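Below is one structure, written out as structure tokens; comments come after it.
Letters A, B, ... mirror the listed sequences (proteins, then strands); counts begin at 1. Keep in mind that this is a model prediction, so the values were computed, not measured.
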Protein chains: 2
Amino acid sequence: MEYMNTAPTSPDPGEPRWLTDEEQRVWRAYIDATTLLEDHLDRQLQRDAGMPHVYYGLLVKLAEAPERRLRMTELAMSAKITRSRLSHAVARLEKSGWVRRADCPSDKRGQFAVLTDEGMEVLSRHAPGHVEAVRQAVFGRLTPEQQKSLGEIMRIVAEGLQPSEAGADLPWLR
Amino acid sequence: MEYMNTAPTSPDPGEPRWLTDEEQRVWRAYIDATTLLEDHLDRQLQRDAGMPHVYYGLLVKLAEAPERRLRMTELAMSAKITRSRLSHAVARLEKSGWVRRADCPSDKRGQFAVLTDEGMEVLSRHAPGHVEAVRQAVFGRLTPEQQKSLGEIMRIVAEGLQPSEAGADLPWLR
DNA sequence: ACGAGTTATTTGAACTCTCAACTTCCATCG
DNA sequence: CGATGGAAGTTGAGAGTTCAAATAACTCGT
């Protein structure tokens, strides 16, 4: 896609504002890194713990929650995934014995996802390996300044995509 | 997962080196941002162009290649995905009429993925919307310094996970 | 108490991805 | 040449994800 960006003109709906060469390089680096990293972590966890990275993340969220339990919707929002996806995921984790569902007394529609002892056990057993993988792939390679910068940048991007509170599924508006 | 990291001791295989609080915050921001962004782009492209983001990326790579064609393995490596995944993806893109396969004359095992005119057409038709989405979610929110920093960081991470050249599937060794 | 309009969650089908074979062909070496 | 090992690409089954639709229960206003 070679398009020249000759004139720094004002918003022209006719000709879109393409990415500059430098922006393209950044964007491609982003895509490469995230693709590789996601794959890397998925494999590591699938091999060692028998679950993909997202599922591991769900167990972590539950482990940190009071009484190791969260309402489905809260868990979904916290993990940034849709309720549907979570529903399927929990079904699988339930089959593995790492999570169980519990009814919500105050709202009969509601369900809690509860981390079982087995689930907790799997988590502690594989946390070291996972942390090691993350450190090796990311933190072990970045300077403290870069780490700080990465945090700031990712927070900005994440906030830009969140319905910033509000509760629907994931209708990032627009 | 509350573990205190009291002593900055030397490599102790007994107690793993957990992430510090600050590292955790960075890591979570990373997960949130990448999850949200991937989802956002997937939806945008699925809705507008009828394909997931990865597939769109494949078309872009082909569009940039000489004669709009690449060997399957090269394309897979370039997109950082496995050959198997690519094989399925190309099968689907072929069904949509955006890519076709061509035999390689010099190596009878080889296959080219070739971008069709239709494929090119879809690409140009939806590139503006995609670029706009990327700009809105990422570049539009970051300072020039942050963009530069992001590029450097992502390059480092990507390189750390690449078999750094070499040609196998994706056995990033260890 | 009734019904309209939400909210919580699930479901199933279609699609995508992974993993482990499997097929075919190339290359090298004796 | 013929065998052996590697490389290119595909395949099918199982697992995960998406999307739209369905179910059930809550909330209000009247």
Side-chain angles (χ1 to χ4, degrees), chain A residues 35-36 38-47 49-58 70-77 79-96 99 101-113 163 166-172, chain B residues 35 38-58 70-77 79-96 99 101-114 163 166-171:
Chain A
T35 306
L36 288 166
E38 193 190 1
D39 238 69
H40 184 61
L41 296 181
D42 265 348
R43 266 176 228 275
Q44 190 263 317
L45 280 169
Q46 189 71 60
R47 168 168 52 72
M51 73 187 115
H53 184 220
V54 195
Y55 288 24
Y56 180 90
L58 295 175
L70 282 173
R71 286 287 294 272
M72 295 297 281
T73 296
E74 292 180 56
L75 182 49
M77 294 205 306
K80 271 75 191 173
I81 65 179
T82 62
R83 296 166 180 192
S84 172
R85 185 174 177 183
L86 178 64
S87 212
H88 289 296
V90 167
R92 193 282 214 184
L93 290 170
E94 210 168 15
K95 233 174 268 178
S96 302
V99 167
R101 292 179 208 249
D103 293 336
C104 175
S106 65
D107 185 338
K108 280 169 198 160
R109 297 166 303 177
Q111 287 278 100
F112 282 102
D169 210 12
L170 280 178
W172 328 245
Chain B
T35 305
E38 193 190 2
D39 238 68
H40 183 63
L41 297 181
D42 264 348
R43 267 176 228 272
Q44 190 264 317
L45 281 170
Q46 189 72 59
R47 167 168 54 72
D48 297 350
M51 72 187 114
H53 184 220
V54 195
Y55 289 24
Y56 180 89
L58 296 175
L70 281 173
R71 286 287 295 271
M72 295 297 282
T73 297
E74 292 179 58
L75 181 49
M77 293 204 306
K80 271 76 190 173
I81 64 178
T82 63
R83 297 168 181 189
S84 173
R85 185 174 176 183
L86 179 63
S87 214
H88 289 297
V90 167
R92 193 282 214 183
L93 290 170
E94 210 167 16
K95 234 173 268 177
S96 302
V99 167
R101 292 179 209 249
D103 292 337
C104 174
S106 64
D107 185 339
K108 281 170 198 160
R109 296 167 302 178
Q111 287 278 99
F112 282 102
V114 188
D169 211 10
L170 280 179

[atom1] of [X] versus [atom2] of [N]: gap in Å, rounded?
{"X": "A:Leu45", "N": "D:dA15", "atom1": "CG", "atom2": "C1'", "value": "16 Å"}
{"X": "B:His40", "N": "D:dT18", "atom1": "NE2", "atom2": "P", "value": "15 Å"}
{"X": "B:Leu41", "N": "D:dT18", "atom1": "CG", "atom2": "P", "value": "13 Å"}
{"X": "B:Leu86", "N": "D:dG9", "atom1": "CG", "atom2": "P", "value": "9 Å"}
{"X": "A:Asp103", "N": "C:dT9", "atom1": "CG", "atom2": "P", "value": "11 Å"}
{"X": "A:Arg71", "N": "C:dA8", "atom1": "CZ", "atom2": "C1'", "value": "7 Å"}
{"X": "B:His53", "N": "D:dT18", "atom1": "NE2", "atom2": "P", "value": "15 Å"}
{"X": "B:Glu94", "N": "D:dG9", "atom1": "CD", "atom2": "C1'", "value": "13 Å"}

Less than 4.5 Å apart, side chain to side chain, heavy atoms only: is that true for [X] and [Y]?
{"X": "A:Leu58", "Y": "A:Ile81", "result": "yes"}
{"X": "B:Arg71", "Y": "B:Cys104", "result": "yes"}
{"X": "B:Met72", "Y": "B:Val90", "result": "yes"}
{"X": "B:Arg85", "Y": "B:Val54", "result": "yes"}

What's the spacing between A:Leu93 CG and A:Arg101 CZ if we round to 0.5 Å?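 The CZ atom of A:Arg101 is 9.5 Å from CG of A:Leu93, to the nearest 0.5 Å.
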
D:dC19 phosphate, OP1 or OP2, under 4.0 Å from B:Arg47 side-chain N/O: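 No, no such contact exists.
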
For nucleotides 16-26 of chain C, read 5' to 3', which letter fits each nucleotide if B means a protein heavy atom sits under 4.0 Å from the base, S means only the sugar-phosphate is that close, and - means neither? SSBBB---BBS

Distance-only side-chain donor-acceptor flag, A:Ser87 / A:Arg83, under 3.5 Å: no

Grab the two heavy atoms, one from A:Leu75 and one from A:Ala113, that are nearest each other, plus how far apart they are.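 Closest approach of A:Leu75 to A:Ala113: CD2-CB, 4.1 Å.
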
Quick check for you: among C:dT10, D:dA8, D:dT10, whose closest atom lies nearest to any side-chain atom of B:Thr73? D:dA8

5'-most by nearest nucleotide on DNA chain D - B:Gln111 or A:Pro105: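 Closest to the 5' end, via its nearest nucleotide, is B:Gln111.
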
